[in-house]
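Quick note: numbers below take in every heavy atom, side chains included, and nothing from hydrogens, waters or symmetry partners.
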Amino acid sequence: MAATDPQVLALAAEITESREQDIPLLLLKLKGILSSSSLGCEESNKIKQDIYDYGLTQYCLLVLKRDHSQLCGAWATAAQLAEILSHCCVGLEVKEDPEEFYKKFLPSAIDSLLVLGKRLQARFIRAIKDKEKQDFLHWFQIVTDAICWLFGGHIQLAACVLQNDRFPQLLITDDVETGIIMMSVLHNILRINSSVLLQVEEETLHSVLDELVYKLSSTTNPAVGSAATKLLLLVAKLCKQLVQLLTARYKGLKGLLSKQWTGKGFDRELNQLLDLLYLEQSNGKGEMQKQHQAACIIQAAWRGFQTRKRLKKLPQAVITLQRSFRAKREQELQHLTKQKEDEALKLQMQLQRQRAMRLFHERQLALLEVVHASQVNKYMEEMEEKSALTIQRFWRGYRARRIFHQQKQSLKEYKAAVIIQRAACKFLEKRRRRRPLSPWKEPKGLTDEQRVALQQKVDDYIKLHPASQMSEEMSKELHMQAQAKLAQFLLRSRLDQRAAQRREALLAQVNTDVELLMNAPGLAETTEKDLGAFMSRSIPVATKARQTHNTMLKYTRWPWWKKLGDEFMEDDVIPDDAINTELETLFIGGRKSF
């Protein structure tokens with residue numbers, strides 16, 4: 001194994017022992033170490049390998065990821081470190097863990113350089129002094145050269161540069177100097193890797209081509225036009241597919257190039273680009289004609305289908321339009337009628353108020369002429385009191401009506417809830433009554449110990465409470481007395497039941513007579529038919545029975561919502577309140593109660 005370069009070893013040791021803020025200036029010594037040997041020779045590659053092995057290349061990348069404005073030497077140091085990093089990576093062949101170097105380290109270096117270039121571009125655009133603008137442009141040129149040098153040594157990085165999000169941001173700018181530099185970077189990418197545009201995503205390709213065409217259409221600077229034209233020419237020469245994309249995506253590109261950029265100093269490249277575009281257009285003209293004819297046929301068929309569809313819907317649409325028009329006209333007429341009625345009512349009320357006021361004043365004047373002067377004040381006080389009472393009466397009536405209307409809905413809901421609750425309670429009660437009894441469970445038998453203990457308790461109770469002894473004669477005499485009392489009770493209960501039935505019959509007769517007397521016409525209007533009702537006892541009974549029968553028939557014909565609370569009653573039972581409501585009277589003890 002060859003010995004490590006002493007300069008690299010000394011620099012690595014010095015960086016290890018130095019403070020963090022001094023490391024960027026120490027890393028600048030790598031430029032002298034790299035320039036001491038001729039590029040491309042074995043000794044130069046050995047030095048680059050030693051620099052990578054001792055982590056100095058990684059140090060450069062870490063410093064570039066920091067805030068460049070806080071570095072010692074600021075942006076100049078950052079630009080020089082970018083150049084050193086690109087020179088250290090080109091020509092380096094890592095044998096130990098190459099995937100880490102090619103898949104992670106190099107893409108990270110490209111990303112850091114693009115970020116540095118974006119910041120320098122922004123500083124250059126914002127700079128006001130000429131000296132500052134020249135410095136930032138110079139450092140920006142160094143960074144872009146480092147990027148070109150890096151993907152020139154590692155061709156696979158060309159696609160990485162195009163796919164990075166910072167590259168379109170650098171390319172899309174209105175500044176002339178930095179725009180030309182970025183177009184030169186793109187030119188180097190296409191020159192090094194001609195198939196890179198076919199490897200990137202379609203969105204990235206379209207953004208690059210859109211920016212180039214935009215620069216041609218938005219500026220008159222010959223330098224920008226020349227760079228954009230050369231790039232488009234290079235893109236067209238690379239692949240025929242890209243020429244088709246330019247022709248199809250940018251329809252007015254040929255007219256733009258021929259009218260705006262002819263005679264600006266790059267006619268040779270411009271004519272070559274126009275020839276390629278016109279050649280592609282002529283080759284695809286026949287195919288375009290076929291596609292145009294096919295499109296016309298499809299459009300004609302589609303328009304015919306749409307027209308037939310609209311014609312089928314036309315009657316329904318006309319009917320709908322007429323209906324909506326009539327409804328709107330009717331609504332407007334109703335609105336106008338209501339407005340006229342409101343105006344007429346308002347005018348009528350105004351006339352009534354004026355008439356009432358006139359009559360009131362006339363009545364006041366007439367009364368003042370009649371009433372004595374000493375009674376005027378008393379009369380006025382009485383009128384004021386009456387007026388106040390009238391106003392209060394109207395106000396209380398209005399307030400009561402308003403409260404009633406507000407509570408009407410809640411009262412209706414309350415009544416409905418009561419009816420539903422009553423029906424639910426009756427249903428639950430009926431279901432509880434119909435619930436079958438639980439099956440008989442035979443009690444558990446007594447054990448021998450429990451039986452002995454229970455027998456002992458019975459014996460003890462008998463000893464404490466001995467039974468009274470009664471003779472056979474006393475038992476027979478007691479039995480005869482009980483039989484006699486039972487016979488007397490039964491006889492008396494039959495007599496009481498007959499008396500109660502007689503009282504009920506007399507009470508019903510009295511009630512019927514009272515009702516007939518109350519409903520009887522006057523003596524002047526009495527007829528023989530009315531007299532028959534009082535002379536015969538069967539006519540009132542038949543009349544009462546007929547009324548009761550009509551009431552029962554009417555109850556059975558009630559709608560369901562009137563019988564909601566009684567749906568769980570027996571079918572042959574009619575509520576008493578229904579009969580009493582129909583007869584409009586209730587007799588209790590011979591008295592009529594309303």
Backbone of Leu170 reached by a side-chain donor or acceptor of Thr173 within 3.5 Å
no
Kindly give the heavy-atom pair with the smallest separation between Ile142 and Ala79, and that separation in Å.
CG2-O, 3.6 Å
Please check if atom CD in Glu203 has more than 12 non-hydrogen atoms from other residues, nucleotides or ligands closer than 6.0 Å.
no
So, for Val143 and Leu113, which heavy atoms are closest and what is the spacing to 0.1 Å?
CG1-O, 3.5 Å
Quick check: do Glu177 and Phe124 have side-chain heavy atoms less than 4.5 Å from each other?
yes
For Met183 against Ala227, the heavy-atom pair lying closest together
CE-CB, 3.6 Å
Mind running side chain to side chain contact (heavy atoms under 4.5 Å, CB included) on Thr320 and Arg323 for me, showing each step along the way?
CA-CA 5 Å; Thr320 305; Arg323 187 187 302 114; 4.1 Å; yes
Is it true that, when you exclude Gln306 itself, more than 12 heavy atoms of the residues, nucleotides or ligands shown sit nearer than 6.0 Å to its CD?
yes
Any side-chain to backbone donor/acceptor pair from Thr219 onto Lys215? Under 3.5 Å, distance only.
no
Heavy-atom nearest pair, Cys148 first then Val185, reads SG-CG2, 3.8 Å
Going through the checks in order, is the side chain to side chain contact (heavy atoms under 4.5 Å, CB included) test met by Ile181 and Gln121?
CA-CA 11 Å; Ile181 293 174; Gln121 186 186 44; over 6 Å; no
Determine whether a donor-acceptor pair (N or O, by modelled atom type, separation under 3.5 Å) exists between the side chain of Ser226 and the backbone of Ala223.
no
Please round to the nearest 0.5 Å and tell me the distance separating atom OG1 of Thr229 and atom CG of Leu234.
12.5 Å
When every non-hydrogen atom of Thr144 is compared with those of Gln141, the smallest separation belongs to OG1-O, 2.8 Å
Report yes if the side chains of Tyr214 and Ile172 come closer than 4.5 Å at any heavy-atom pair, otherwise no.
no
Ionic contact status for Lys338 with Asp342, cut-off 4.0 Å:
no
Charged N-O contact under 4.0 Å between Arg433 and Glu429
yes
Could you give the distance from CG (Leu171) to OG (Ser207), rounded to the nearest 0.5 Å?
8.0 Å
For atom CD of Gln331, decide whether the heavy atoms of other residues, nucleotides or ligands shown that lie under 6.0 angstrom number more than 12.
no
Would you call the rings of Trp139 and Phe136 parallel, tilted or perpendicular if under 30° counts as parallel and over 60° as perpendicular?
perpendicular
